[in-house]
Amino acid sequence: MTNNLEDQQQIQTDKQQLQQLLSVQEKNEIDQLLAHYPQPGGACIDALAIVQKYRGWVSDQAIAALAEHMGISLSELESVATFYNLIFRLPVGRVLMHPCNGISCQLLGYKKIQRQLLCALQIKEGETSADGQITLISLPCLGACDKAPVMLVREAMVNGLEGTSSESLLVNLHCSELELLLKQFKESAL
Amino acid sequence: MPEISIDGKTYQVAAGKNLLQVCQGLKLQLPYFCWHPALDSVGSCRQCAVLMFQNDEDTRGRITMACMTGVTDGQRFSIQANSAQKFRQLCIEATMTGHPHDCPVCEEAGECHLQDMTLISGHIERRFQGPKRTHKNQYLGPFINHEMNRCIACYRCVRYYRDYSGGTDLNVFASRNNVFFGRAQEGVLESEFSGNLVEVCPTGVFTDRTYSQHYSRKWDLQSAPAVCVHCSVGCNIFPAERDGILRRVTNRYHPDINGYFLCDRGRFGYDFVNHGKRTEHAWQRNNSKQTTEQLNAQQAQDSLSAYLENTEQLLAIGSSRSSLENNFCLQSLVGAENFYSDNSTELETQLQRLLSHYRDTQPSSDLKSLETSDTVLMIGADVTQSAPRIALSIRQMIKNAGIAKAATIGVAYWSAAEVQNIRQDLKSPLHIISSHSTRLDDVACSIDNSHPQQQLDLINKICSMLSDDNPGAVDSRPDQISITDKATAICQHLLQAEKPFIVTGIHTGQPVELFLASLKLSAILYRRNKHAGLICAVPWVNSLGLALLNDRQQHFDTVLQRLEQRTVKTLVILETDLYRYCPAKKMNQLLADVANIIVLDHLITPTAEQADLLLPSASFAEQHGSWVNYEGRAQNSVKCFSPAQQRRPAYRWLTANTPFHSIVNDLSGIAECLNELPSLYPSQSADFHSARKTVRESGRSALHSYIDIKDIQPNSDPESNYQHSQEGVASNLDDSQSPAYIWSPGWNSSESLNQFQDGESGAIQGAQPGLLLFSKGQTDSSLVTADQSSDSIKGPPAESKNLLRALPYQHIFADEELSSCVTSISQLCPRDTIKINAAQASYLDLVSGQLVTYSFADTAHSLGESIQAQSTAALPLSIDDSIATGVVLLPALLLQRAAMGDDCWLRLAVAGERADG
Amino acid sequence: MNITQAPTLPPTLPLTQHLNLQQPLDLPAYRQQGGYLGFNAALEQNSTAVLQIIKDSNLRGRGGAGFPTGMKWSFVPAATDTSEARYLVANADEMEPGAFKDRWLMEGSPHQLIEGMLIAAHTICANVGYIFLRNEYTVAAKRLQQAIDECRSAGLLGKNIQGSSMSFDLHIHTSAGRYICGEETALINALEGKRAIPRAKPPFPQVAGLWGKPTIVNNVETFYNLPNIVLFGAKWYQSLGAHEDAGTKIYGVSGRVKHPGLWELPMGTSLREIIEQHAGGMSDGYQLRAYQPGGGSTDFLLPEHLDTPMDYNSIGAIGSRMGTGTVIVLDDKNCPIDMILNLVSFFAQESCGWCTPCREGLPSASYLLAQIEDGRGKMSDLDYLQDILQLVSFGNTFCALAPGAAEPLQSGLKFFKREFEQHIEQQCCPYK
Ligand SMILES: Cc1cc2nc3c(=O)[nH]c(=O)nc-3n(C[C@H](O)[C@H](O)[C@H](O)COP(=O)(O)O)c2cc1C
Ligand code: SF4
Ligand code: FES
């Protein structure tokens with residue numbers, strides 16, 4: 001409850017600042033979405049995804065700005081955001097590595113792969129490497145069980161990780177951070 | 001009526017209900033968490049599992065949730081079957097895996113639904129050895145504690161807070177066994193009904209923070225069936241006391257008034273009883289010696305008699321916040337000719353009009369019937385602020401269209417989530433006519449925020465459309481066209497509805513014409529449709545009671561005049577603070593010449609500080625009394641505990657020796673409608689006495705043993721049938737009077753109510769519903785006469801530029817005298833501001849946040865003096881675009897004080913500058 | 001209009017006839033090969049007639065439960081007001097552990113999904129469709145979007161399709177990731193932008209689903225069956241099955257087999273043929289220990305069950321479920337308890353948190369399994385696990401997620417009793 005004037009004014013300016021937090025592009029895309037739905041709440045998940053697309057994750061401020069922009073309560077948006085696995089409410093690295101921990105991948109060696117990756121990155125599951133570049137989050141069955149074990153890196157599926165040489169992995173991954181990482185991975189795997 | 005069998009016994013049950021409701025009605029012991037009689041079923045906790053058999057041959061049956069199973073003829077169930085019992089036991093064992101088992105330090109302990117259900121379900125051993133999940137708690141404001149680790153994820157809190165009370169800032173976050181119930185960010189809960197979380201939560205996640213400050217176990221409290229004194233709805237409550245401190249207030253179920261829920265003003269406002277500025281002793285000012293002397297009771301009594309010996313130039317002011325008995329005793333003592341109300345002319349007129357409307361035209365409706373209505377037109381009242389419980393009922397009526405829609409595809413009203421999915425954003429229509437936004441705007445289908453004159457035009461238009469099948473020539477003036485459109489839309493809904501309701505209110509500063517027009521509209525509607533209802537909030541808890549006694553209609557403006565004329569020598573003031581009706585400086589002047597000021601009150605108000613004789617009176621919790629709520633329902637409120645020090649009920653000071661029941665008897669004789677008043681009070685000779693203390697109270701010897709090992713003789717209460725001890729009949733075993741608390745073996749929480757209700761969601765057995773004083777309403781349509789309302793609002797006194805019509809903005813926490821002095825509540829009072837819309841501000845060259853002063857238009861006040869020159873304190877300006885142009889909003893209390901009851905027209909100016917027109 | 005004449009010969013692989021994973025057919029190519037002829041055939045008949053064909057075909061939903069599709073559709077109330085929205089949803093959330101068939105179909109032949117949906121939309125008079133797509137399926141998303149765009153410009157989607165009175169628009173909704181979104185009522189909540197909590201039934205989505213309106217949710221593979229059913233009739237379709245059930249089915253195998261993969265085979269092909277012939281049997285040096293016939297939420301079966309035909313009733317009769325038809329093979333070098341632990345903790349993680357047995361029961365089971373696997377188990381834990389099974393068994397929870405989790409656990413406790421006891425007695429995992 002906003003009880004005194006300063007609070008109210010504070011909130012007013014906060015709201016304005018919040019509005020500015022979203023980029024024009026984000027706002028446009030969200031507005032298009034909103035036009036689609038019978039109720040603004042319906043666009044929640046998609047709108048969160050848009051924000052995440054541009055920012056990698058959804059910060060407290062971004063979510064407040066989004067709620068304000070969409071005209072729904074913060075608690076409603078937060079309730080939805082925290083329900084889904086792939087809306088990140090904590091910062092993630094530029095590169096997301098998602099080894100599959102589904103059962104087929106586990107049967108073919110997920111645990112070892114995960115261990116080696118974590119060791120190379122010197123992080124724990126769900127964490128981001130110290131340089132802020134790489135976040136490792138294992139995901140449940142990625143629907144590529146015939147190629148197990150697999151890993152999703154920057155939306156690209158890396159198949160048949162077991163027994164594959166790091167070099168051949170590199171061919172699939174055009175990103176220098178990963179080359180570095182995988183070199184370490186290879187070394188530690190030796 | 002379907003016939004079903006449960007554990008081999010057959011029962012005739014009500015159709016359309018679910019099995020859990022049925023079992024509750026039958027008092028069968030079936031545990032549950034997520035179901036709540038007002039929140040209905042969602043089937044999430046799975047605790048109400050029973051076995052259901054397919055047919056007569058089926059011996060195995062299958063588990064089904066009672067709360068999700070509608071009863072139909074011929075069904076066979078078992079609660080006792082081993083597999084059902086085993087399942088319920090496993091289910092609660094699972095529930096408890098993450099629970100901290102911190103009952104010793106939990107304030108819910110001893111009245112915890114979770115504890116009760118654990119026992120009923122038969123879970124006694126904790127097998128799970130793994131780590132418990134933990135959460136951080138949040139600061140949720142001055143009313144509610146948050147201890148998330150105790151959560152059992154029944155989802156009741158969010159379902160209550162969001163779906164029932166319309167709050168938006170509490171929600172469930174995350175998922176799986178990590179679900180978190182709270183706010184997105186720490187902070188004060190925004191809903192005016194947040195306090196119900198305390199009772200809705202079946203465990204100790206949400207507890208009463210004000211109770212924490214003087215916590216006591218439930219079984220060491222004594223309580224009584226009382227009535228909330230913080231607004232005119234008259235919700236039923238259980239105040240609970242220990243050691244002379246009122247510890248808390250909880251809901252006392254009344255099917256037609258508050259149901260299961262109170263508002264936060266009512267629940268947390270109780271602490272004024274413990275206020276540091278309580279009057280404790282009788283004091284007399286000795287002007288000659290310039291001293292104040294403490295008197296003993298006898299001296300005080302004698303002194304009062306002496307003052308009142310001379311009835312010449314005697315004037316007494318009754319109180320809208322005091323009981324019928326207190327007011328009556330004062331009136332009898334000083335004579336009706338000397339007795340005045342604490343209402344302005346305007347208020348008194350409106351109250352008397354309302355009484356005659358109830359008496360002659362249309363009786364008032366109760367909240368239960370409001371909840372079942374299908375269209376509401378709310379006029380000129382923001383009931384969330386003035387009589388909050390009404391707003392909660394309106395929020396329920398909004399859902400009826402969806403419930404009806406669900407019924408068309410065979411989905412029962414109690415399937416809460418399913419009804420919601422079918423309903424989507426379908427709402428029963430709520431139309432609002434007001435000069436500014438209200439807290440119900442979020443569910444309204446149309447909102448007309450306009451100048452009072454336009455509001456009046458609109459209402460009159462609706463009246464003429466409703467009373468006349470041919471509304472006559474169309475007025476083509478642009479504003480009239482829009483008014484016609486609006487009126488047509490509203491009329492359509494009112495006419496289509498089976499049960500249309502008018503909701504309005506009487507409060508200071510509101511144009512009388514608007515109120516009269518609303519009454520007229522209601523009467524016309526009622527003439528067309530006998531199911532049409534009227535709800536009219538009145539200012540305070542006993543405003544109608546006082547109006548009833550005050551048949552001479554002697555109001556406060558006359559008091560002011562007489563004080564001004566210096567024709568008052570002795571002034572008796574009963575439990576009202578005159579400084580709320582008049583600027584302090586003025587009041588000081590007026591009181592300066594009164595020789596004898598006698599004040600009876602329980603708080604040291606500014607008025608009490610002026611007293612020559614101050615008599616400490618008892619609060620509502622320390623006395624018996626009856627109060628007449630907005631519907632004209634007289635309810636008696638039973639004394640919870642004996643007043644300490646020299647405090648005593650005002651009626652005791654005023655009539656030293658008359659037994660209480662004789663007072664009630666005399667009172668009942670003064671008006672026909674009061675004849676049955678004594679029936680509210682159980683006869684003194686009843687066979688049973690009721691206990692105010694629970695049978696589980698620490699025991700007579702133990703309770704005070706930290707003070708003295710000797711047993712303390714409990715106080716006696718010759719005025720009622722209730723004992724200040726655990727001796728007597730517990731709860732409702734005697735169904736001739738309202739139980740003093742609700743408890744049943746095995747059911748220690750407030751949910752034990754279900755053991756005492758008449759059927760599922762019925763009244764508490766034996767509880768007094770109160771006495772409807774005007775239930776008969778004559779319904780003679782000829783009584784709707786035109787002269788009762790007018791076409792135009794009284795305009796400004798002089799045609800001059802830049803005059804704004806001042807109207808009050810009400811606030812649930814700021815406006816009511818007793819609750820607003822409570823620390824937790826005053827924290828949430830808004831800072832006083834002056835509000836206008838942005839266009840108005842820019843026209844006046846004012847900006848938001850600027851300090852502004854106001855001055856009155858040249859108006860001849862009833863005092864016969866111009867109050868224009870009054871200097872006013874500067875207030876910051878705030879902009880609110882919902883406010884109609886030409887209207888300025890002032891805090892209700894400030895407006896009441898400044899305007900002294902008159903309509904007022906203001907001019908705004910930047911502080912420091914002189915305002916000139 | 002340049003439409004190829006109806007092929008006279010029905011395809012032998014009606015689901016995968018157009019499949020091309022490298023480069024799926026674009027609209028002209030798809031049409032060239034007979035695409036959208038099924039839809040045209042449907043459009044020429046009224047919806048009751050099409051519904052009857054589907055009913056007669058005995059097509060059973062491929063989402064796991066095998067509910068007859070025609071019957072499901074028949075619960076949709078007759079359309080009285082064509083302006084009222086009705087929804088059709090393709091459930092492409094595929095998060096069942098070990099299931100990977102829908103992705104394969106969508107990546108390889110996006111137009112056939114659209115064609116199937118058009119036929120369904122025509123039959124139930126839906127005017128808006130959604131493909132509820134798993135977030136990780138970005139390739140499928142791209143290809144589907146392309147196909148949708150093609151259809152829109154070709155007048156196959158939008159208003160007055162092919163000059164008819166039918167209007168249908170199709171959108172892709174990308175999930176934000178949660179297994180429960182696959183449950184059809186939770187999916188509807190997710191589409192409404194809410195937390196994906198299942199809804200109680202009744203009312204069934206067919207009557208009051210998305211936004212309170214009639215809604216049909218079908219699995220992706222179910223839709224792939226439709227074009228050829230309409231084109232070649234119910235009889236033909238029934239004749240495809242090798243056993244009781246009609247049609248063909250996408251079967252898959254993963255785990256330590258020589259050739260893990262997916263194949264379209266006659267419904268009712270035996271497990272032995274699938275595992276030994278198509279998947280090439282176990283990899284060298286591995287023995288078949290047990291397998292889950294239809295994804296992570298189905299009961300284990302043993303080598304002795306290999307000769308059972310893979311169809312709904314036959315697999316049901318031996319105590320498991322055909323589920324998604326994707327077999328997960330457990331070899332003799334992997335610890336069965338570790339496998340069950342993986343599955344149960346997945347389901348515990350993915351519990352929506354609504355009902356108590358699932359929310360609290362599954363994490364407890366997962367904890368107990370971890371203790372046992374780590375060599376800290378007690379014999380009494382086995383009883384506790386049995387009790388949790390009872391707690392989360394079918395009908396006791398709000399939706400079918402937790403009962404699904406119970407299946408590998410209950411069969412595991414039965415078939416791997418010895419391993420459980422070994423873990424507890426030896427206080428370590430014998431496989432490590
Ligand atoms: C927890 C849970 C997850 C499910 N996930 C999926 C899924 O990913 N894809 C799917 O098609 N059906 C899934 N289903 C089944 C759906 O609820 C639904 O039955 C199915 O989409 C219906 O399609 P069908 O009739 O074509 O089989 C799931 C069911 C449950 C209980
Ligand atoms: S079984 Fe219950 S908690 Fe689990 S996913 Fe279903 S509804 Fe949610
Ligand atoms: S009370 Fe029935 S499931 Fe919770």
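Scope of the values below: all heavy atoms of this structure, side chains included, with no hydrogens, waters or symmetry mates. Numbered from 1 within each chain, the chains take letters A, B, ... in sequence-line order.
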Item to check | When B:Ile63, B:Val172, B:Asp425 are compared by non-hydrogen pairs under 4.5 Å with chain C, the top option | outcome: B:Val172
Checklist outcome for this item: Looking only at C:Ala370, C:Gly395, C:Ser364, the option with the highest number of non-hydrogen pairs under 4.5 Å against chain B is C:Ser364
Item to check | Test: C:Asp93 and C:Arg178 ion pair at under 4.0 Å | outcome: no
Item to check | Residue part contacting chain C, namely of B:Ala174, when any heavy atom lies under 4.5 Å | outcome: backbone
Checklist outcome for this item: From the list B:Ile92, B:Ile422, B:Leu90, the residue making the most non-hydrogen contacts under 4.5 Å with chain C is B:Leu90
Checklist entry - Between C:Lys213, C:Lys201, C:Gln371, C:Gln390, which shows the greatest number of heavy-atom pairs under 4.5 Å with chain B? => result C:Gln390
Item to check | Mutual orientation of the aromatic rings belonging to C:Phe67 and C:Phe75 [parallel < 30°, tilted 30-60°, perpendicular > 60°] | outcome: tilted
Next on the checklist: Given heavy-atom pairs under 4.5 angstrom as the criterion, report whether the side chain, backbone, both or neither of C:Asn189 touches chain B.
Outcome noted: side chain
Item to check | Most chain C-contacting option - heavy-atom pairs closer than 4.5 Å, from B:Ala153, B:Cys91, B:Ala417 | outcome: B:Ala153
Checklist entry - Side chains of B:Ser83 and B:Arg60: is there a donor and an acceptor less than 3.5 Å apart? => result no
Next on the checklist: Does the plane of the ring in C:Phe132 sit parallel, tilted or perpendicular to the ring in C:His173? Use 30° and 60° as the thresholds.
Outcome noted: parallel
Checklist outcome for this item: side chain to side chain contact (heavy atoms under 4.5 Å, CB included) with B:Gln138: of B:Glu147, B:His146, B:Met148, B:Gln185, only one passes, and it is B:His146
Checklist entry - With only heavy atoms counted, which part of C:Tyr384 is less than 4.5 Å from chain B, the side chain, the backbone, both or neither? => result both
Next on the checklist: Heavy-atom pairs under 4.5 Å with chain C - which of B:Gln129, B:Arg62, B:Arg423 has more of them than the others?
Outcome noted: B:Gln129
Next on the checklist: Quick test of your reading of the model: are B:Glu751 and B:Arg156 salt-bridged, counting only N-O distances below 4.0 Å?
Outcome noted: yes
Checklist outcome for this item: Under 4.5 Å to a heavy atom of chain C? For B:Thr95 that would be both
Item to check | Region of B:Phe87 that comes under 4.5 Å of a non-hydrogen atom in chain C | outcome: both
Checklist entry - Measuring from C:Cys428:SG to C:His423:NE2, what's the distance to the nearest 0.5 Å? => result 7.5 Å
Checklist outcome for this item: Looking only at C:Ser380, C:Ala200, C:Ala348, C:Pro77, most heavy-atom pairs under 4.5 Å shared with chain B are made by C:Ala200
Item to check | Atom group of B:Leu426 that falls short of 4.5 Å from chain C, counting heavy atoms | outcome: neither
Next on the checklist: For B:Gln115 and B:Glu108, which I'm curious about, is there any donor-acceptor pair between the side chains at under 3.5 Å?
Outcome noted: no
Checklist entry - Are B:Tyr32 and B:His113 close enough that their ring centres sit under 6.0 Å apart? => result yes
